[in-house]
Amino acid sequence: MSKIDEIFMSEALKQACEAFEADEVPVGAVIVHDGRIIARAHNQIEMLKDPTAHAEMIAITQAAAHLGSERLLDCSVYATIEPCSMCAGALVLARVKHIYYGAEDPKTGACGSVFNIADNKKLNHRIRVTGGILAEECGSLLTEFFKKKRKKT
């Protein structure tokens with residue numbers, strides 16, 4: 001894991017903290033192109049009442065608008081948790097080059113944990129995947145969020 005990967009994941013973590021403060025599941029994502037962040041997002045499912053408003057999906061929309069293209073060629077995604085099947089599928093369709101994630105998702109992860117959509121040979125594009133970047137920090141935020149939720153009920 002390089003220092004630059006930690007820096008970009010820290011930016012994704014800042015987004016996850018914003019989600020936490022908004023009482024959203026604390027997931028954040030940033031998209032990087034040519035060494036610069038071109039999109040930042042966090043989960044907004046509750047706020048928008050939209051099951052597709054995952055951090056990665058919102059960041060994809062922002063990055064596509066920034067680049068003026070539906071193809072996010074030579075882009076890397078940093079997400080605080082392993083992308084789900086919806087997000088991994090969208091990242092494949094966008095032709096993202098690399099997915100970096102923090103914590104594994106043993107329930108819905110689609111970059112190797114449960115499914116491997118990101119590197120499925122049956123699809124027309126495959127994405128390099130690197131997991132475990134600031135995994136403890138990313139996982140702790142999720143754990144804290146769900147502990148807080150359980151206390152409220």
Side-chain angles (χ1 to χ4, degrees), residues 1 5-6 8-33 37-67 70-73 75-150:
M1 166 176 24
D5 293 334
E6 289 182 8
F8 288 137
M9 189 60 73
S10 291
E11 291 299 314
L13 262 169
K14 288 178 187 174
Q15 290 297 310
C17 288
E18 285 188 35
F20 188 100
E21 294 303 317
D23 204 31
E24 295 274 0
V25 174
V27 177
V30 298
I31 297 181
V32 175
H33 182 259
I37 294 174
I38 62 169
R40 301 170 189 267
H42 57 78
N43 277 3
Q44 296 180 39
I45 297 161
E46 299 294 328
M47 183 181 80
L48 297 176
K49 305 294 185 233
D50 179 354
T52 70
H54 290 201
E56 300 94 327
M57 300 297 285
I58 295 167
I60 289 168
T61 300
Q62 290 175 4
H66 175 85
L67 295 174
E70 73 279 9
R71 302 284 185 242
L72 304 183
L73 303 173
C75 288
S76 296
V77 175
Y78 290 80
T80 56
I81 192 167
E82 180 181 358
C84 70
S85 56
M86 174 182 67
C87 294
L91 292 166
V92 167
L93 293 173
R95 308 294 195 273
V96 166
K97 185 176 184 177
H98 203 131
I99 296 170
Y100 298 88
Y101 68 83
E104 286 187 355
D105 185 347
K107 292 184 179 179
T108 63
C111 294
S113 289
V114 178
F115 304 106
N116 197 347
I117 292 172
D119 188 28
N120 187 314
K121 290 175 183 26
K122 291 184 178 184
L123 299 176
N124 64 342
H125 178 74
R126 283 171 288 295
I127 304 171
R128 287 183 18 227
V129 176
T130 303
I133 299 171
L134 301 181
E136 189 173 319
E137 295 91 328
C138 295
S140 293
L141 189 61
L142 286 159
T143 300
E144 182 183 344
F145 177 80
F146 286 112
K147 277 184 185 174
K148 184 177 128 183
K149 281 291 195 194
R150 283 191 291 277

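Model, not experiment: these values are computed from the prediction.
Of all heavy-atom pairs spanning Met86 and Pro51, the tightest one is CE-O, 4.0 Å. In terms of heavy-atom proximity, Ser10 sits nearest to Leu134 at OG-CD1, 3.6 Å. Closest non-hydrogen pair, Glu56 versus Ala79, comes out as OE2-CB, 3.9 Å. Nearest heavy atom pair, residue Asn120 against residue Lys122, reads OD1-N, 2.8 Å.
Contact annotation: the side chain of Val25 never approaches that of Ile45 to less than 4.5 Å [non-hydrogen atoms, C-beta and beyond]. Contact annotation: the side chain of Ile38 approaches that of Cys75 to within less than 4.5 Å [non-hydrogen atoms, C-beta and beyond].
Checking side-chain atoms of Glu24 against main-chain N and O of Glu46 turns up a donor-acceptor pair under 3.5 Å. Although no hydrogens or angles enter the test, the distance criterion places a donor-acceptor pair under 3.5 Å between the side chain of Asn43 and the main chain of Ala55.
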Residues 135-143 side chain polar contacts: donor-acceptor under 3.5 Å, at least two apart:
residue	atom	partner	partner atom	Å
Ser140	OG	Glu136	O	2.8
Thr143	OG1	Gly139	O	3.0

Tabulate below the donor-acceptor pairs under 3.5 Å that side-chain atoms of residues 92-107 make, not counting sequence neighbours, or state none.
residue	atom	partner	partner atom	Å
Arg95	NH1	Leu93	O	3.0
His98	ND1	Tyr100	OH	3.3
His98	ND1	Arg128	NH2	3.0
His98	NE2	Thr130	OG1	2.8
Asp105	OD1	Lys107	N	3.0
Asp105	OD1	Thr108	N	3.1
Asp105	OD2	Thr108	OG1	2.6

Run the side-chain donor-acceptor check on residues 58-67: report pairs under 3.5 Å with partners two or more places apart or on a different chain.
residue	atom	partner	partner atom	Å
Thr61	OG1	Met57	O	3.2
Gln62	OE1	Arg40	N	2.9
Gln62	NE2	Arg40	O	3.2

Exercise. Checking side chain to side chain contact (heavy atoms under 4.5 Å, CB included) for the pair Glu11/Lys14: CA distance, chi angles, key distance, verdict?
Worked result: CA-CA 5 Å; Glu11 291 299 314; Lys14 288 178 187 174; 2.9 Å; yes
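Among residues two or more places apart in sequence or in another chain, the side chain to side chain donor-acceptor pair (under 3.5 Å) test is passed with Gln15 by none. Partners of Asp50 according to the side chain to side chain donor-acceptor pair (under 3.5 Å) rule, which considers only residues two or more places apart in sequence or in another chain, are Thr52. Listed by chain and residue number, nothing satisfies the side chain to side chain donor-acceptor pair (under 3.5 Å) test with Asn116 (two or more places apart in sequence, or in another chain).
Remark: Asp119 CG to Lys121 NZ distance equals 5.0 Å, nearest 0.5 Å.
Within the structure, side-chain hydrogen bond (donor to acceptor under 3.5 Å, both in side chains) pairs that include any residue of residues 76-87 comprise Asp5-Tyr78, Glu82-Ser113 (at least two apart or interchain). Counting only residues at least two apart or in different chains, ring-ring contact (aromatic ring centres under 6.0 Å, His included) contacts with residues 112-145 comprise Phe20-Phe145.
For Lys147 and Glu144, the salt-bridge test fails: no basic side-chain N is under 4.0 Å from an acidic carboxylate O.
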